[in-house]
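Heads up, the thing below is written out as structure tokens.
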Amino acid sequence: MGTYDALLVVSFGGPEKPDDVMPFLENVVRGREVPRERLLEVEAHYQRFGGHSPINQQCRDLIAAVEPTVDLPVYWGNRNWPPYLEDTLRRMAADGVRRAAALVTAAYSSYSACRQYIDDIALARAAVEGAPEVVKLRHYFDHPGFVAAMVDHTREALERLPAEHRDAARLVFTAHSIPVSMADTAGPRGGAYRAQLLRAASAVTAGLGGGREWDLVWQSRSGPPHIPWLEPDVCDHLRGLDAPAVVLVPIGFVSDHMEVVYDLDVEAADLAARIGLPLARAATAGTHPRFVSMVGELLAEPEPVPCAATCCPAPPRRHR
């Protein structure tokens, strides 16, 4: 069991008012080949919701739920928007924290879901005199707490479908698309992102009693068109799906990012309505009691072995 004197929740970050949106997006894609028109498109998604992402409030809600269950002070730092990791580590150092466990709000292996967080923590520590040591907790895509939360939320979504469609409804699990090159090199031996998502989706289906047909599809592609990303896109998949009804299960997310509320609750829901496909969306893990209790269980586990420096490398930059 690791010996920690604080828990650090590390997340992606998101804008909280209209003027934040474009600076936030430019911060996220700095150094990447994301077309300007794609940024403007995504900015419009945020502005549709008042320029506000739900992710920061969901981090606050998760921290409020976790604090009474762990005997540690809980801090919060983001990669891309305040509270920034560097500022949080500076406050932790001033508070006398020497060794913290980091819970990252991404459950899987890949450069963007794991290695980039590790690198950002290292950069933030290097910028803070006396920064605490930070130990990233293990991936938890297969932890019973995460799986149980998603089973319950998927069951609740099934109950929202018309009664005559519930038994035959198809489960469509979704996760953030990433470049194929990143997916192929995820984990110590490659392919871990897809493999872990398939395992999580299979576990949730089994938790519902098994026997249901299900698919794993992708959403929220943001890269330039000449770089291959994981497919099929969720909306393309729904257009060709032969099923009486569908439950969308955002298995790749632990809270409602803008990608979840726009891509699933707006785009996919609008498409389903147009083609006459009954559809319900399962909630993300959020503050489900089993997901909250999972955090304390992770803290009590043997300290995770650090990832090798070659694990989940950054994807190569390609040019036309």
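The analysis underlying the following values was restricted to heavy atoms, covering all of them including side chains, and did not include hydrogens, waters or symmetry mates.
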Taking side chain as C-beta onward, heavy atoms only, is [X] less than 4.5 Å from [Y]?
X: Leu208; Y: Leu171; value: yes
X: Val204; Y: Trp214; value: no
X: Asn78; Y: Ile55; value: no
X: Tyr4; Y: Glu303; value: yes
X: Glu43; Y: Leu39; value: no

Within the side chain of [X], is there an N or O that forms a donor-acceptor pair under 3.5 Å with the backbone of [Y]?
X: Arg99; Y: Asp5; result: no
X: Arg125; Y: Pro132; result: yes
X: Arg115; Y: Ala314; result: no
X: Glu259; Y: Gln219; result: no
X: Arg239; Y: Val234; result: no
X: Thr174; Y: Val217; result: no
X: Thr205; Y: Ala201; result: yes
X: Arg79; Y: Gly13; result: no

Is it the case that over 12 heavy atoms from other parts of the model lie below 6.0 angstrom from the [atom1] atom of [X]?
X: Glu41; atom1: CD; result: yes
X: Asp236; atom1: CG; result: yes
X: Glu164; atom1: CD; result: yes

List in chain and number order the residues that pass ring pair (Phe, Tyr, Trp, His ring centres under 6.0 Å) with Phe253, two or more places apart in sequence or in another chain; answer none if no residue qualifies.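 Expected list: His257.
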Could you tell me which residues satisfy ring pair (Phe, Tyr, Trp, His ring centres under 6.0 Å) with His153, sequence neighbours excluded, listed by chain and number? His288
Just list the side-chain donor-acceptor pairs under 3.5 Å for residues 16-26, sequence neighbours left out, or say none.
from: Glu16; atom 1: OE1; to: Arg60; atom 2: NH1; distance (Å): 3.1
from: Glu16; atom 1: OE1; to: Arg60; atom 2: NH2; distance (Å): 3.3
from: Glu16; atom 1: OE2; to: Asn56; atom 2: ND2; distance (Å): 3.1
from: Glu16; atom 1: OE2; to: Arg60; atom 2: NH2; distance (Å): 3.0
from: Lys17; atom 1: NZ; to: Asp20; atom 2: OD1; distance (Å): 2.8
from: Asp20; atom 1: OD2; to: Glu16; atom 2: N; distance (Å): 3.2
from: Asp20; atom 1: OD2; to: Lys17; atom 2: N; distance (Å): 3.4
from: Glu26; atom 1: OE2; to: Arg36; atom 2: NH1; distance (Å): 3.0

Asp233/Arg221 salt bridge by N-O under 4.0 Å criterion: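 Here Arg221 does not pair with Asp233 in a salt bridge, since their nearest N and O are not under 4.0 Å apart.
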In terms of side-chain geometry, is the basic nitrogen of Arg98 or Glu133 positioned less than 4.0 Å from the acidic oxygen of its partner? no
What's the separation between atom [atom1] in [X] and atom [atom2] in [Y], rounded to the nearest 0.5 Å?
X: Asp263; Y: Trp218; atom1: CG; atom2: CH2; result: 14.5 Å
X: Leu299; Y: Leu103; atom1: CG; atom2: CG; result: 8.0 Å
X: Ser220; Y: Trp229; atom1: OG; atom2: CH2; result: 9.0 Å

Residues in side chain to side chain contact (heavy atoms under 4.5 Å, CB included) with Ser110, at least two apart?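 Expected list: Ser112, Ala113, Ile178, Met182, Ala186, Tyr193.
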With no hydrogens and no angle check, do the side chains of Arg290 and Ser293 hold a donor and an acceptor under 3.5 Å apart?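 Distance-only check passes for Arg290 and Ser293.
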Applying salt bridge (Lys or Arg N to Asp or Glu O under 4.0 Å), name anything that partners Asp87, two or more places apart in sequence or on another chain. Arg90
Could I get the full list of salt bridge (Lys or Arg N to Asp or Glu O under 4.0 Å) partners for Arg199, not counting sequence neighbours? Asp142
Take Leu8 and Leu85 through the test side-chain contact (heavy atoms from CB on, under 4.5 Å) and record every step on the way to the result. CA-CA 9 Å; Leu8 171 62; Leu85 267 170; 4.0 Å; yes
Show your working on side chain to side chain donor-acceptor pair (under 3.5 Å) between Gln57 and Asp61 and close with a plain yes or no. CA-CA 6 Å; Gln57 186 57 49; Asp61 293 343; 2.9 Å; yes
